[in-house]
Chemist: 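Would you mind keeping the following structure in view while I ask a few things?
In this text the structure is predicted, and so the values were computed from the model without any measurement. Excluded from the calculations below are hydrogen atoms, water molecules and symmetry mates; all remaining heavy atoms, backbone and side chain alike, are included.
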Amino acid sequence: MNHYTFMDEVHPSVGHASRCAPGYTKRDILKMVKEEDVGFIRLQFTDIFGTMKNMAVTTSQLEKALDNEIMFDGSSIEGFARVEDSDLYLYPDLDTFVIFPWRPQQGKVARLICDVYQPDGTVFESDPRYILKKVLSEAKAMGYDFHVGPECEFFLFHTDEDGRPTTLSHESATYFDLGPMDLGENARRDMVLTLEDMGFVIEASHHEMAPAQHEIDFQCGEALQTADNIMTFKLVVKTIAKRHGLHATFMPKPKSGVSGSGMHLNMSLGRDGINVFSDRADEKGLSRQAYYFIGGIMKHMKAISFITNPTVNSYKRLVPGYEAPVYIAWSDRNRTPLLRVPSVRGLGARVELRSPDPSANPYLALAVCLAAGLDGIRNEIMPPQSIDCNIFEMTEEQRKKAGIEALPGSLQEAAVEFEKDALIKDVLGEDLSRKYLQAKEKEYGDYRTQVTDWEIGRYLHRM
């Protein structure tokens, strides 16, 4: 669920993680650090697999950091750089300055999200944040701004006596339940309050379908800000969960027999402050750009899945019977297809992609979705007729007659589709595409060699 408000802005302040003109200057950062008694600044960046990394500096090194002079060894980050050209530099985005509310009030800890550059001052082209920026520039050249509202789901599990995560929970709550059924209510409340302290506008939070599963929705925004916020959101959720003695996981399917966690993406394009997906003259209230955007997503969806659903476990979620989409179709009436157009129009008009999960690198996920949508607009790719019935109740013959194809059924199938799609591969670039494929092929190979508890239970006593 997401209440999606188009073009909303939050103006910068010391606690805010938002980005609006005119933004922070170097002088602003130095002043705030001094006034707020900040002792450490974490310089954060994201690796190709969507894992947040950071290097901490004291205030004595802050000017050096703000002058883009902090270097790190890129060869130590999987998929980033080779040993022979491993020196990389962190260029802080000043508008991402925020103070962590959970750290000490004396000698506070703040962060800056960074772009990654090479020693010669050129951008590191395999930096996921740069890849999203590159596609956003293409959209800007076409006259569009890209806005995204994510719906991030996660589980809260107990930890064992050594503090290690388990998949245990004592609760049996389900969709929209409240305390005392919802045993994670207090932790979720503290997450929301912490996020608001950091400048997020939280629209809703609630218990999700499965026991111990939760969702917190924050306001939509410009795509780069949204990707930054998803990374910050994960950090906050995990940090506050740990303070409650719990483990928060964004693993797509941590338990069999229950629904998995998704990260639905509500997407729209704007031009001069106007949502271009809305057209009151159309019978469905959608513009040509909206139809073409849907068409582009559907055309490239199989390859997109390799990025939006990037783990072996991702495909345990994308099966019938657990609310997640399986088939490549769209509708403006029901929630069973892959793409849904919610009933709201005007400023709130958007396309909701329901297959992504929170294990995805948000920068890469938004980049490939936007690139596919822009391809649809450039080439005027009309989507097939909408499917307005329950797609899971259709027979295989009916789906075939309607031209409805299925999403990839495994990480290996998604990798094959990615290799075949020149446009989606081009979004990542030759170097990152190769590294990403190699890493995921190894992941799938390692998975194939494992003997699971299910296999032992099913076959050991029979054979």
Chemist: Heavy atoms only: give me the nearest Pro408-Tyr315 pair and the separation to one decimal.
Modeler: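 So the two residues come closest at O-CD2, 3.4 Å.
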Chemist: Can you tell me how far OG1 of Thr159 sits from NE2 of His247, rounded to the nearest 0.5 angstrom?
Modeler: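 The OG1 atom of Thr159 is 9.5 Å from NE2 of His247, to the nearest 0.5 Å.
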Chemist: For Arg340 and Trp330, run side-chain contact (heavy atoms from CB on, under 4.5 Å): C-alpha distance rounded to whole Å, both residues' side-chain angles, the deciding distance at 0.1 Å, then the answer.
Modeler: CA-CA 6 Å; Arg340 186 174 79 95; Trp330 76 282; over 6 Å; no
Chemist: Examine distances only and state if a side-chain atom of Asp93 and a backbone atom of Ile113 form a donor-acceptor pair shorter than 3.5 Å.
Modeler: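 Not at all, since once roles are kept as given, no pair shorter than 3.5 Å links the two residues.
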Chemist: Can you establish whether the number of heavy atoms outside Tyr447 located under 6.0 Å from its atom OH is more than 12?
Modeler: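 Incorrect, the count does not exceed 12.
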Chemist: Measure from the side-chain N and O atoms of Ser305 to the backbone N and O of Met301, and report whether any donor-acceptor pair falls under 3.5 Å.
Modeler: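 Flag set: sc Ser305 to bb Met301 pair under 3.5 Å.
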Chemist: Surrounding CG of Asp453 (heavy atoms of other residues, nucleotides or ligands, distance under 6.0 Å), is the total greater than 12?
Modeler: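 Open.
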Chemist: Would you kindly check if the NZ (Lys) or CZ (Arg) of Lys440 is within the cone defined by 45 degrees around the ring axis of Tyr436 and under 6.0 Å from the six-membered ring centre?
Modeler: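 Verdict for Tyr436: a cation-pi partner in Lys440.
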Chemist: Given the ring of Phe100, does Lys108 sit roughly above its face, with NZ or CZ under 6.0 Å from the centre of the six-membered ring and within 45° of the axis?
Modeler: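 Output no; distance or angle outside limits.
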Chemist: What pair of heavy atoms forms the shortest contact from Ala212 to Ser169, and how long is it?
Modeler: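 Answer, listing the atom of Ala212 first, then Ser169: CB-OG, 3.5 Å.
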Chemist: Do Asn313 and Thr311 pass the side-chain hydrogen bond (donor to acceptor under 3.5 Å, both in side chains) test, and can you show the C-alpha distance, the side-chain angles, and the key distance before you say yes or no?
Modeler: CA-CA 5 Å; Asn313 184 255; Thr311 70; 5.0 Å; no
Chemist: Do Tyr117 and Phe124 have their ring centres less than 6.0 Å from each other?
Modeler: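 No, ring centres 6.0 Å or more apart.
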Chemist: Return yes if some donor-acceptor pair links the side-chain N/O of Thr226 with the main-chain N/O of Val148 below 3.5 Å, else return no.
Modeler: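 Confirmed, Thr226 side chain pairs with Val148 backbone.
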Chemist: According to side-chain contact (heavy atoms from CB on, under 4.5 Å), who are the partners of Lys299, at least two apart in sequence or on a separate chain?
Modeler: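 Applying side-chain contact (heavy atoms from CB on, under 4.5 Å) to Lys299 gives Asp375, Ile381.
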Chemist: For the side chain of Thr452 and the backbone of Glu455, is there at least one donor-acceptor N/O pair under 3.5 Å apart?
Modeler: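 Yes: the side chain of Thr452 pairs with the backbone of Glu455.
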Chemist: Looking at Glu63 and Lys26, is any side-chain nitrogen of the basic one under 4.0 Å from a carboxylate oxygen of the acidic one?
Modeler: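 Yes.
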Chemist: Please determine whether a side-chain nitrogen of the Lys or Arg among Glu405 and Lys302 lies less than 4.0 Å from a carboxylate oxygen of the Asp or Glu.
Modeler: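 Lys302 and Glu405: salt-bridged.
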Chemist: Starting at OG1 of Thr96, measure out to CG of Leu112 and round the result to the nearest 0.5 Å.
Modeler: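 One gets 5.0 Å once the value is rounded to the nearest 0.5 Å.
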Chemist: I'd like to know if Asp145 and Arg271 make a salt bridge, using a cut-off of under 4.0 Å between side-chain N and carboxylate O.
Modeler: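 No, this pair does not count.
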Chemist: Check whether any side-chain heavy atom of Ser261 lies under 4.5 Å from a side-chain heavy atom of Phe155, and answer yes or no.
Modeler: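 Ser261 reaches Phe155 side chain to side chain.
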Chemist: If you look at every heavy atom in Val326 and Val319, which pair is closest and at what distance?
Modeler: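 Answer, listing the atom of Val326 first, then Val319: CG2-C, 3.6 Å.
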Chemist: Check whether NZ of the Lys or CZ of the Arg Lys253 lies under 6.0 Å from the centre of the six-membered ring of Tyr322 and within 45 degrees of that ring's axis.
Modeler: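 Satisfied, under 6.0 Å and within 45°.
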Chemist: Under 4.0 Å between a side-chain nitrogen and a carboxylate oxygen: does that hold for Asp127 and Arg129?
Modeler: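 Not counted as a salt bridge, because no side-chain N and carboxylate O are separated by less than 4.0 Å.
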Chemist: Donor-acceptor check, side chain of Glu222 to backbone of Gln225, threshold 3.5 angstrom: yes or no?
Modeler: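 The answer is yes, because a donor-acceptor pair under 3.5 Å joins these two groups.
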Chemist: Inspect the surroundings of CZ in Arg434 and state if more than 12 heavy atoms from other residues, nucleotides or ligands are less than 6.0 Å away.
Modeler: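 More than 12 heavy atoms, drawn from other residues, nucleotides or ligands, come within 6.0 Å of this atom.
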Chemist: Please tell me if the side chains of Ile131 and Leu364 come closer than 4.5 Å, counting only heavy atoms from C-beta onward.
Modeler: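 They are in side-chain contact.
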Chemist: Please check this pair: side chain of Ser137 against backbone of Lys133, looking for a donor-acceptor N/O pair closer than 3.5 Å.
Modeler: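 Confirmed, Ser137 side chain pairs with Lys133 backbone.
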Chemist: To check you understand the geometry: which heavy-atom pair defines the closest contact between Phe157 and Thr166, and what is its length?
Modeler: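 Taking Phe157 first and Thr166 second, the nearest heavy atoms are CB-O, 3.1 Å.
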Chemist: With no hydrogens and no angle check, is any side-chain donor or acceptor of Gln213 less than 3.5 Å from a backbone partner on Ala210?
Modeler: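 Pair found, side chain donor or acceptor close to backbone of Ala210.
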Chemist: What I'd like to find out is whether the side chain of Phe250 reaches to under 4.5 Å of the side chain of Val237, using heavy atoms alone.
Modeler: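 Side chain of Phe250 against side chain of Val237, heavy atoms only: contact under 4.5 Å found.
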Chemist: Might you work through the side-chain hydrogen bond (donor to acceptor under 3.5 Å, both in side chains) test for Glu208 and His214, ending with a clear yes or no?
Modeler: CA-CA 5 Å; Glu208 257 294 338; His214 303 264; over 6 Å; no
Chemist: State the OH-CG distance between Tyr292 and Leu374, to the nearest 0.5 angstrom.
Modeler: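 One finds 14.5 Å between OH of Tyr292 and CG of Leu374.
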Chemist: Go through the steps for Met263 and Asp357 under the test side-chain contact (heavy atoms from CB on, under 4.5 Å), then give the verdict.
Modeler: CA-CA 5 Å; Met263 185 178 70; Asp357 69 57; 5.5 Å; no
Chemist: What is the minimum heavy-atom distance between Ala372 and Ile424, and which atoms define it?
Modeler: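 Where Ala372 meets Ile424 most closely, the heavy atoms are CB-CD1, 4.5 Å.
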Chemist: Taking the six-membered ring for Trp and the single ring otherwise, decide whether the centroids of Phe45 and Phe72 are under 6.0 Å apart.
Modeler: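 Centroid separation for Phe45 and Phe72: below 6.0 Å.
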Chemist: For residues Arg350 and His147, determine if any side-chain heavy atom of one lies less than 4.5 Å from a side-chain heavy atom of the other.
Modeler: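 No, too far: nothing below the 4.5 Å cut-off.
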Chemist: For Leu66 and Ile29, what are the C-alpha separation, side-chain angles and deciding distance, and is it a side-chain contact (heavy atoms from CB on, under 4.5 Å)?
Modeler: CA-CA 9 Å; Leu66 297 177; Ile29 302 294; 4.1 Å; yes
Chemist: Does Phe218 have its ring centroid less than 6.0 Å away from the ring centroid of Phe233?
Modeler: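 Between Phe218 and Phe233, the centre distance is under 6.0 Å.
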Chemist: If we count only N and O atoms by modelled type, under 3.5 Å, do the side chains of Asp190 and His244 hold a donor and an acceptor together?
Modeler: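 Present: a donor and an acceptor within the cut-off.
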Chemist: Do Tyr91 and Val116 make a side-chain contact, defined as non-hydrogen atoms from C-beta onward lying under 4.5 Å apart?
Modeler: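 No, side chains not in contact.
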Chemist: Would you find a donor on one side and an acceptor on the other, under 3.5 Å apart, between the side chain of Asp162 and the backbone of Arg164?
Modeler: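 Looks like no, no N/O pair under 3.5 Å.
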Chemist: Under the side-chain contact (heavy atoms from CB on, under 4.5 Å) criterion, do Arg378 and Met142 qualify, and how do the steps go?
Modeler: CA-CA 9 Å; Arg378 287 191 191 98; Met142 295 172 66; 3.7 Å; yes
Chemist: Is Leu246 close to His158 at the side-chain level, that is, under 4.5 Å between some pair of heavy atoms?
Modeler: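 Contact flag for His158/Leu246 side chains = yes.
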Chemist: If you apply the rule side-chain hydrogen bond (donor to acceptor under 3.5 Å, both in side chains), what do you find for Arg111 with Thr232, and how did you get there?
Modeler: CA-CA 10 Å; Arg111 76 93 198 272; Thr232 301; 2.7 Å; yes
Chemist: Any idea which heavy atoms bring Ile297 and Met267 closest together, and the distance?
Modeler: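 Taking every non-hydrogen atom into account, CD1-CE, 4.4 Å.
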Chemist: Has Asp47 got a side-chain atom pairing as donor or acceptor with Ile77's backbone, closer than 3.5 angstrom?
Modeler: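 Not a single qualifying donor-acceptor pair exists.
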Chemist: Under 4.0 Å between a Lys/Arg side-chain N and an Asp/Glu carboxylate O for Asp421 and Lys425?
Modeler: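 No, Asp421 and Lys425 are not salt-bridged.
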Chemist: Nearest 0.5 Å, please: how far is CZ in Phe146 from SG in Cys369?
Modeler: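 One finds 6.5 Å between SG of Cys369 and CZ of Phe146.
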Chemist: When rounded to the nearest 0.5 angstrom, what is the spacing between CG in Leu370 and CG in Leu269?
Modeler: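 One finds 7.0 Å between CG of Leu370 and CG of Leu269.
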Chemist: Side chains of Gln118 and Val123, heavy atoms from C-beta outward: is any pair under 4.5 Å?
Modeler: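 No - every pair of side-chain heavy atoms lies 4.5 Å or more apart.
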Chemist: Got more than 12 heavy atoms from elsewhere within 6.0 Å of CD, Glu69?
Modeler: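 Yes.
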Chemist: To the nearest 0.5 Å, what is the distance between CG on Asp28 and NZ on Lys31?
Modeler: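 Going from CG on Asp28 over to NZ on Lys31, the span is 7.5 Å.
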Chemist: Ignoring hydrogens and angles, tell me if any N or O in the side chain of Ser287 forms a donor-acceptor pair with the backbone of Val276 under 3.5 Å.
Modeler: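 Side chain of Ser287 to backbone of Val276: a pair is present.
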Chemist: Within the structure provided, determine whether Val38 and Met32 are in side-chain contact (heavy-atom separation under 4.5 Å).
Modeler: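 When only atoms from C-beta onward are counted, Met32 and Val38 do not touch, as no gap falls below 4.5 Å.
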